[in-house]
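First comes the structure, then the notes that go with it.
Naming: A, B, ... by sequence-line order, numbering from 1 per chain.
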Amino acid sequence: MCWPVLSARADFQVIAIVSTISGSELQVSGTLDLDLSEAAETAIDKGVPVVVQIRLALYRHRPLVWDKKLSQWSVRFRIRYHGLSGRYIVDNDREDGIESFASIQQALQFVGDLGPWTLELPEGQDSGGRFRLAVRTRLDIESLPAPLRPLAYTSPAWRLDSRWTQWRPES
Amino acid sequence: MMRYLIGPVPAVILSLTLLGALFMLTTAAQHSTAFGEQYSLLLAVNLLGIVALAALIIVNLWRLVRQFRARVLGSRLAMRFLGAFVLLAVLPLAIVYYFSVQFVSRGIDSWFDVRIEQALDDALLLGRASLEAIKQDVIEKLQESADRLGESQSELETISLLDELRIQGDYESMSVYTPTGGIIAYSAQEAGSLIPDTPDESILAQLRQGQVYASLEPLTGEGLQLRVVVPVQSRGVSEPDQVLQILLPLPLRYTKLGQSVQTASAEYEQLVYLRGPLKFSFVLTLTLVTLMTMLIAVWIAFFLSRRLVAPLRDLAEGTRAVAGGDYGKQLPVTSTDELGVLVQSFNEMTRQIHHAQSEARNSQREAEEQRTYLETVLRHLSSGVLSFDRKHRLQTYNATANQILGLDLSESHRLTMAEIAGKHERIEPLASIISDGLAQNVSEWQGEATVFGRHGRQVLICRGTRLPIEGPRRGGAVVVFDDVTDLIQAQRDAAWGEVARRLAHEIKNPLTPIQLSAERIRHKYLGKLPKDDRNGLDRATRTIAQQVESMKLMVNAFSNYAQPVNMQLEPVVLNRLVRDVVELHGHQDAPMDVRLQLDPAIPQISADAGRLRQVLNNVIINARDALRGVEHPVLQITTRGFLEAEGGYVELRVEDNGPGFAERQLERLFEPYVTTKEKGTGLGLAIVRRIVEEHGGTIRAENVDPHGAAIVLRIPLQAARSMANTDPNLKVPRFKVSGDPIG
């Protein structure tokens, strides 16, 4: 059973995360609601690639003190427009190959359907105990072209961030 | 800590760091891959650096303003320097900044050309049209293939036909699906490709509505493939019960050309889109460069103004210290330029002043010691010392001068003797002599004055010496005076004592044998001589006896004059004494008009009433004798009182309207054996003066107009000088005064 522990309002939202710790692996799947601003969509249509970064961090619960971070992962989805074909191409740094979509919403939906991913835990970690999985997705401003970054940093239209959301993995 | 923070070192480090960061930021803003990834970090670093630099400048400015308000030395000049430097730095920077922004904006705008953009759009459109033609051609062929497949009777026939059609169309793969996506048949060029690329649900939905789906899809790498899906309708069935899909990779030549057009168009499109942000980025970078340069310039202005003002401030503080008397002030020499030379000169000047001051202090100390020594000597001198400047104004005096004159000369500082005499009339004779002496152009002079002091008549001998022409007191003079009253009196008393002794011994002793011898001669020979000779002997012996007797009287009188005086002082009312004496003379045979003008306010005096009565008696007798033969003899007796701070005196004036004194006798009138009478001994007025002087008083004689003479006596209110003299070592012989006047 999974439930959001803390969620912040944003244009990017983590809707649901299903995670299971099995042995030395973490199985993750979930749903993200990625809603780009008009400025970001325009930038994509004008040929500017946009990177959606999904970060995951696994913590082991410790009584009385703060939780211990066991491992963290990052997946970056790049969305760009292919003018000749009129399609939106999505690729990521975990898998080879690309996916193309007729609309940007289809591409965002593709990105938002997480996994299922199998993530390896650090060696020596047992699956016993209580864990906490933090998930965050945001638009990576640092991946934008340099001239666009000052504007992106100062404009709310570019600050698309779900903040950290907390999830309880199943063991 | 604060001094270190606002010092040059952190500012220089910060400035260098910021300049480095600024360089990287500028490079990153130009799409350089070197620092592009750190663009935001560099931007943040620069912004923070500018804020830090601005904070440092604000702190410095605040300190400077606070110093300016507190009127700290050098702050005003530093403010002026700062203002000038800032103006010199900021104004050109602002102008350069303005034109640079204009240049950058217009320069970026000039990158973009509408014709190029149109050409790229047209090229992309052409590519799309070309691909569209291919796509339409494939669609037509595929629809024909779908018609043939719809006529197939079995799945084996369908599969066989599918292979045939794929080979005919040169497709990469060809597959048949159910409307819901279930695979029916599949044919592919590569035997290894066993899993068909199934169309997604959106494509199938489109087909279920009877439409054809055809789309170019990018492949991993650079390739493009054409995906065409058409419905397959079996014979006699209105709704499509199958869908046919082919995947056709486009020829490499088409792909490269199309990709080239796509890349160029996309980059240009991106560039056009980024034109605004690019301008913003460049202007931002330029603004940061300008701002940072401006702030660094302002900081350098602070530094330079402080460097320039520091020696001037030190100099100002140094001069203020010197003005305040700190002649040992030395300033740090921090440079070798003109300011450094100036500071060195200042240090040399203060060194020399300090040296000169030390010498002056030593000289002053020596002078002070000498002055103290001199004052000590002067204080213990028995002589009064006065010094005058070249304008004859009193400069210094010693305590003895105050004591002799009975004055406080501190009130007479920088006054001339005439002005001092105006305030103290009784020292007028001394003031007159001193003024005359100072007026003389001689190096030394001497004079004698008789003043009426607090304790009576004083005889002062003063000697003046003109000071050297050179020196601070050039043209001045020093006057030394001594009170020789006691000395003169002692000398006179000693002389008269000696005279009396000699008279008693040398004259009086032989008189008795002379008288006895004359009487014996008379007695022995008077009866034996003839009558004619007898008369002669009788006249001779009588003459001898009378003259001897006269000489005895004279010697006795003189002896009485020279005898020591034993005065009996008591309070005496002078007016009453005058009336008593006048009353005695009222019954004389020679009548005269006696007029009394007595001041009822005169105080009592301390005097010997008998002696004063004798004095008054002698004076009146002398006046009466002088008035013999005068038609209307008048004797005027006047008394007056003079009260002064130093004590005061009473004056008795006896004036007649007789013939007056001969001018040649006036000066010696009170000396013994000076007389105008045929039978006088010449001791009457001498005795009068003796008695008056024994009372500490003065006496003088004068003629009055139109004819007549006056004797003026002044008797001090206090005890007689001889009685008031407390010096036990001063032994003054006293003389007894005869009871009757000898005229």
Side-chain angles (χ1 to χ4, degrees), chain A residues 38-51 76 78-110 113 138-155 157-159, chain B residues 25 27-33 35-44 108 120-121 124 127-128 130-131 200 202-203 213 215-221 224-227 255 257-282 284-285:
Chain A
E38 186 178 349
E41 288 185 5
T42 303
I44 293 173
D45 288 340
K46 295 295 182 182
V48 177
V50 166
V51 172
R76 296 161 59 86
R78 187 173 64 159
I79 305 172
R80 55 195 168 95
Y81 179 64
H82 193 264
L84 190 61
S85 63
R87 295 180 70 85
Y88 295 89
I89 300 173
V90 177
D91 57 18
N92 67 71
D93 56 358
R94 281 182 57 84
E95 300 167 353
D96 294 332
I98 61 172
E99 295 290 339
S100 68
F101 302 94
S103 68
I104 195 166
Q105 280 69 30
Q106 290 176 347
L108 290 172
Q109 188 174 1
F110 170 76
D113 290 336
R138 66 184 179 97
L139 191 144
D140 187 11
I141 293 178
E142 285 300 308
S143 299
L144 294 172
L148 196 56
R149 286 179 218 165
L151 191 66
Y153 273 116
T154 55
S155 170
W158 288 93
R159 285 202 295 272
Chain B
L25 180 69
T27 309
Q30 296 170 350
H31 282 281
S32 168
T33 55
F35 305 111
E37 294 177 357
Q38 285 81 33
Y39 180 82
S40 301
L41 178 64
L42 292 173
L43 194 63
I108 291 177
L120 285 173
D121 287 345
L124 187 61
R128 284 177 178 171
S130 174
L131 294 176
D200 57 23
S202 62
I203 299 174
Y213 173 83
S215 176
L216 281 170
E217 294 179 349
L219 294 175
T220 303
L224 285 171
Q225 73 173 2
L226 183 60
R227 182 192 296 266
T255 301
L257 288 175
Q259 201 65 31
S260 174
V261 171
Q262 147 72 22
T263 303
S265 177
E267 287 183 355
Y268 193 82
E269 189 82 9
Q270 184 180 4
L271 202 57
V272 170
Y273 172 75
L274 290 176
R275 178 166 57 179
L278 201 58
K279 278 187 193 176
F280 176 75
S281 175
F282 279 172
L284 178 66
T285 305

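Interface residue B/Ser215: only side-chain heavy atoms are found under 4.5 Å from chain A. Using a 4.5 Å cut-off between heavy atoms, A/Ala43 touches chain B through backbone and side chain atoms alike. Looking at A/Leu151, the atoms closer than 4.5 Å to chain B (heavy atoms on both sides) sit in the backbone and in the side chain alike.
Atom NZ of residue A/Lys46 and atom CG of residue B/Leu274 lie 11.0 Å apart, to the nearest 0.5 angstrom. If you take OG on A/Ser100 and CD on B/Gln225, they are separated by 8.0 Å, rounding to the nearest 0.5 Å.
For the pair B/Leu216 and A/Ser85, the tightest heavy-atom approach, listed with the atom from each and the gap, is O-CB, 3.5 Å. Taking every heavy atom of both residues into account, B/Gln270 and A/Val48 meet most closely at CG-CG2, 3.7 Å.
Contact annotation: the side chain of A/His82 approaches that of B/Leu224 to within less than 4.5 Å [non-hydrogen atoms, C-beta and beyond].
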Carefully, step by step, assess A/Leu148 and B/Tyr273 under the rule side chain to side chain contact (heavy atoms under 4.5 Å, CB included).
-> CA-CA 10 Å; A/Leu148 196 56; B/Tyr273 172 75; 4.3 Å; yes
